[in-house]
Amino acid sequence: MAAETMATKNMPLAKAINESLRRALEADPKVVVMGEDVGKLGGVFRVTDGLQKDFGESRVIDTPLAESGIVGTAIGLALRGYRPVLEIQFDGFVFPAYDQIVTQLAKMHARSLGKVKLPVVIRIPYGGGIGAVEHHSESPEALFAHVPGLKVVSPSDASDAYWMMQQAIQSDDPVIYFEPKRRYWDKAEVNTEAIPDPLHKARVVREGTDLTLVAYGPMVKLCQEAAAAAAEEGRSLEVLDLRSVSPLDFDSIQTSVEKTRRLVVVHEAPVFFGSGAEIAARITERCFYHLEAPVLRVGGYHAPYPPARLEESYLPDLDRVLDAVDRALAY
Amino acid sequence: MAAETMATKNMPLAKAINESLRRALEADPKVVVMGEDVGKLGGVFRVTDGLQKDFGESRVIDTPLAESGIVGTAIGLALRGYRPVLEIQFDGFVFPAYDQIVTQLAKMHARSLGKVKLPVVIRIPYGGGIGAVEHHSESPEALFAHVPGLKVVSPSDASDAYWMMQQAIQSDDPVIYFEPKRRYWDKAEVNTEAIPDPLHKARVVREGTDLTLVAYGPMVKLCQEAAAAAAEEGRSLEVLDLRSVSPLDFDSIQTSVEKTRRLVVVHEAPVFFGSGAEIAARITERCFYHLEAPVLRVGGYHAPYPPARLEESYLPDLDRVLDAVDRALAY
Amino acid sequence: MTVDSSAARKPRRSAAGKAGTTGTPSTTRTAAKKSTEPELVQLLTPEGKRVRIAKNARNAKNAEYARYVADITPEELRGLYRDMVLTRRFDAEATALQRQGELGLWASLLGQEAAQIGSGRATRPDDYVFPTYREHGVAWCRGVDPTKLLGMFRGVNHGGWDPNGNNFHLYTIVIGSQTLHATGYAMGVAMDGADSAVIAYFGDGASSQGDVAESFTFAAVYNAPVVFFCQNNQWAISEPTEKQTRVPLYQRAQGYGFPGVRVDGNDVLACLAVTRWALERARNGEGPTLVEAYTYRMGAHTTSDDPTRYRHDDERAAWEAKDPILRLRRYLEASNHADEGFFAELEAESEALGKRVREVVRAMPDPDTFAIFENVYADGHALVDEERAQFAAYQASFADAEGV
Amino acid sequence: MTVDSSAARKPRRSAAGKAGTTGTPSTTRTAAKKSTEPELVQLLTPEGKRVRIAKNARNAKNAEYARYVADITPEELRGLYRDMVLTRRFDAEATALQRQGELGLWASLLGQEAAQIGSGRATRPDDYVFPTYREHGVAWCRGVDPTKLLGMFRGVNHGGWDPNGNNFHLYTIVIGSQTLHATGYAMGVAMDGADSAVIAYFGDGASSQGDVAESFTFAAVYNAPVVFFCQNNQWAISEPTEKQTRVPLYQRAQGYGFPGVRVDGNDVLACLAVTRWALERARNGEGPTLVEAYTYRMGAHTTSDDPTRYRHDDERAAWEAKDPILRLRRYLEASNHADEGFFAELEAESEALGKRVREVVRAMPDPDTFAIFENVYADGHALVDEERAQFAAYQASFADAEGV
Ligand SMILES: Cc1ncc(C[n+]2csc(CCOP(=O)(O)OP(=O)(O)O)c2C)c(N)n1
Ligand SMILES: Cc1ncc(C[n+]2csc(CCOP(=O)(O)OP(=O)(O)O)c2C)c(N)n1
Ligand SMILES: [Mg+2]
Ligand SMILES: [Mg+2]
């Protein structure tokens, strides 16, 4: 473990976002935080804990219970020069706001021929694995990545969570920031004086030679575990943390696949029309002569996210990832 | 041309849907048609022309201007035993209803462990090519196909339009029925006594040996034209009309690709995270050793649908399809 | 500043925040009523006294509704009491089961028993109910086995009862959605020429959702036989009702063209009366009504919530004085409508219910994993079939491996 | 039947469809007002006479607003007249250009000139306007070059002016969305401590959208300085206003806690006065106001529409008698506020405007095809860059081919 410098702190992912929001609120009076229960309560996951106390009710705003209203008024605030950071309480509750996101937020910069900019960040805790009730465990990122005008990112650890939030807020584009809720409590070193990677660049989190595993958000840790397990069987897996779903860093994936010649994509969202499809299609096109096996995908089934007692069977796990690895290596 | 029997009529695609709705309204008192301007006006494309006159205001219902309300109340009507057929006026206006579609309509059958069924059809005129203003030319089918619980279909000609509407209404599942608005005026023979193909089965509309073109809705005609043009250059293209986007008939695509060994997918929607991605990913997996070239995709760019004067450049056209064919054949 | 107050808006000319200082009210202008002490329909005081129905100004409103419970019998009153006690007991048991790890979550109705039992008992079997996720008392009135409510909180299903079994729809988690389903269902009832009515429950927080507004519009335009029953329990998780509206919620209806009424949500008699009235309106073809039951969520939002972060204990204490069960007990006792035997018997029944709930929940099996693939579609879907088969093969591969 | 009438609901006990027959109204119950002849603010009669501001019952309301235009000068009146005439002329020119194939579509404001000019002229330069797609008259008041409005209807862009150039946002096609943008913008104005105001335009049809309701809620809760200006032109394409509401739309505001007022939308003076009042309220920190301008869409919904399918000519004829331009002209003439020279000069100006519009539109170039890839993102996006490059190569391949 690196020694903690003044700028380096060990903290959970949720706290890293909190610190990042705090820094943004301090640095720029135009940054405002909005959402349901983000104020006194500090959010149901406490990601905004203490912010209203320190920055006041006009900077950290408890909104009416209306997601379309949250995004719609944030667009207006952005037009006025503000930089709103919105919280959608859970993945399954972003849909009332979908119209404002898709028809307004995503398109207004283009509609205005570049005259207006909408630097709006939408934070969405997403994914399963926490034993929650319906609508609290979904992974809707593909539904945003397909929409031109939006950027979609998802950090996998506290350090990225901190820095990617800084970058998302600084971006002049709307950014959908998916937070891997089951990793909220995972700790990592955060260096608040580091020079971060570009927001949309993938990162090799483990080097390997036999096969590439790509993932983002909550599945990165799983892929690292899978790579560790495979290593015990003498297989060298490379793990790529995509970090960004739109744009996708195809160059980095290509570089890796040209080396390993095999690719498995892992995400929680249903496989059908999911991120894995786009990655498989494009990487197959880019690396047609390099691939020894088809790109395989591990993800959710084409079924509504199941009740909690079934989520272990629904979600990709170590066995399912390793099974896909085996199948890819068998080609 | 087949001689017109009593059951066979030549009619435009829009009229075929109108006739199909009429038949359904006649056959089943539980069928109701709902939407903005579907009554006296008969819809902005006249697809419901004359229906309110003949079936009354309680069967063909002009609704308030609120898409979430339309879908939400239709769910309630379906729970009461009705079979609502909804019209969304244009593709770009389905998003206010997206929450009701994704979180309620798609999931309620599963949520109730099969106890309730929601036979709701949502008609959406979609796609470009008619020189319209913003939000009137989009192709959002991928945003529905990714959602478990929904079925997504799109006819390409009048006969399919007629029969697929019959089948969609008879289905006990919610069906998103995408109507290729720029083909509304294209005529074809409709045999109202035929035995139709299954709703979710693709159809070979032109046989060929060198490469397979797959499309649905408005792009089928374009692919047929491309195949005809290619034939003049001595290339034999097979054209598959998918008809259904969820489920996708991978078996039929596979059968074709095992023969032709090359595949190009064409749709109007943006390529990124579009149908082509899913088709490319799965067909590459299924036909890994058969494919001589990567699956290529022709579709919209990752940009909001442009103003009308630019749509020709945005949309797949003969040249772009043939260019992709050339590239695939060059492998 | 706009968000909390307008005092910071310096350049403003007149006193900020004071509504109505520009110009004067008029007939065409609809001025906002100030929300002070809520003016509500009450038939039973917190002390358990029947409100006099003399037609003086203050009580005139009560008289109109009082006739809907004028002939209520002691037995019926004991029935309401029993409903509330058993509901509360069930609720407490569920909370305990969550603490013990038997449930993943629980949304307690503590404090809202009168609103739920009063309204629920006003419904007829052929009426249809669309609840939120907290209507355990209404479910009780509809005859839904309470243990069925626990499946979704245990995580074994998303709703474990047949909605058509008791005309009680599944709990809906996406706030406000069900008000549109209720409205559509009510449109269908009217199209069928039936004289059933529909009742949609929602919360004070939900009142802000566009779907709820759209349901008001559809219900009004189609004159649908639906009662919108808003339990204003003062809180939407951590947000007080002032974050949703600046006037009493029942007034919302007026702008949509149907009546709204505020009732003491801790007074089971008043809730019964007002809901009967609203349902009768629906049956009579008079269309929708909004009922705001003014009540209080005495517990946490759910077992995941920590209300001490956002509200003071004394608030709860004040509401405890208005406890809906205590209130009716006082009345029953004072009027000699119930004797000690009744209370003792109920206590025993209550214990038995608790025991049964515990036993059923602890025995509740996990669903078969293949349930993931069931009921996704009514008519099937090729991909689901394919994935089910793959899953089976994958599962089998472990069995094989273990079998070796 | 529910959808058209409730007469078919046989089992109902009492007379169907009659509101309020169950029970009697009371103080807590908010009864629906019946929509009969609209009661509206009017300062200029259809015959062009100033309404007497005597404080009798019928006219009391007018008096309150009259003071907002009490000191209006003949020059200002001529200015309003000129605005309306030029706007109508521009609109007619655009309709003609659509017929000639120069535009793909046009949404005419014919008949709504007074509502737009009256309200538009009430705004200050620092105010911000969020229009729908029909606010050509408001755009005119804001100083937006009218030819800029035509780009989106010609299909060369989705909005061709800089919203911040004149504080006039782009036209919004998704019905109702802009009311939330306006509300958010107004929240920002208040947060800045500025005394500007915001005005959001929307139609009678739009009033049904959940977004509009949510904007009312946000505006009320945050006391945002925004005026909701609803042009009730009686139609949402083919649907009459009764398909959206059963009470007058201005009453909607009351349930959200702010005032609503109905104004004669064909009376430019009344629109000016009422909007000034509402904007003043906003500036004074008194929060939102709903103004319903009761007017009529005299033309088709758009050039694609055929109103003969759903409405009678005599309806239009009746509204022609209330023509906003004629009305002011009569007043100007009767009061000698304008002479023939003025009208003649205006006619010439009108002609010149028409000519300029024609010329500009005909010369309006198609955008460069690469514009597809521009402004998708402010900070760029790798995929857009890649696709742009591929597109360029693809385009170049034709040039090469042709070059050979
Ligand atoms: C669309 C949506 N947004 C957010 C949530 C998260 N959420 C669950 S309950 C709740 C508060 C609801 O308050 P209220 O309507 O007053 O009902 P109560 O819980 O008080 O009974 C919120 C914000 C949700 N379930 N659905
Ligand atoms: C969300 C949405 N649904 C449907 C439409 C199609 N549409 C365009 S204008 C219109 C009617 C609008 O009526 P109203 O709000 O009264 O405005 P008006 O056109 O009368 O000015 C409809 C249904 C749309 N643009 N947006
Ligand atoms: Mg509440
Ligand atoms: Mg209108």
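Just so it is clear: chains get the letters A, B, ... in the order the sequence lines come, proteins before strands, and each one is counted from 1.
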Query raised in the report: Is the backbone of G210(D) close enough, under 3.5 Å, to the side chain of E214(C) for a donor and an acceptor to pair up by distance?
Result: yes
Requested in this report: Tell me, please, which residues at least two apart from F229(D) pass ring-ring contact (aromatic ring centres under 6.0 Å, His included).
Outcome: Y201(D)
Query raised in the report: Within the distance-only criterion (no hydrogens, no angle test), does the side chain of R246(D) pair as donor or acceptor with the backbone N or O of V221(C) below 3.5 angstrom?
Result: no
Query raised in the report: Given that the side chain runs from C-beta out, which part of Q209(C) has a heavy atom under 4.5 Å from chain D: side chain, backbone, both or neither?
Result: both
Report summary line: Rounding to 0.5 Å, atoms OH (Y256(D)) and CD (Q254(C)) come to a distance of 13.0 Å
Query raised in the report: Looking at A220(D), A278(D), S215(D), S207(D), which has the largest count of heavy-atom pairs under 4.5 Å with chain C?
Result: A220(D)
**Report entry** Closest contact, heavy atoms only, S208(C) versus T217(D)
**Finding:** OG-CG2, 3.6 Å
**Report entry** Set of ring-ring contact (aromatic ring centres under 6.0 Å, His included) partners for F202(C), sequence neighbours left out
**Finding:** none
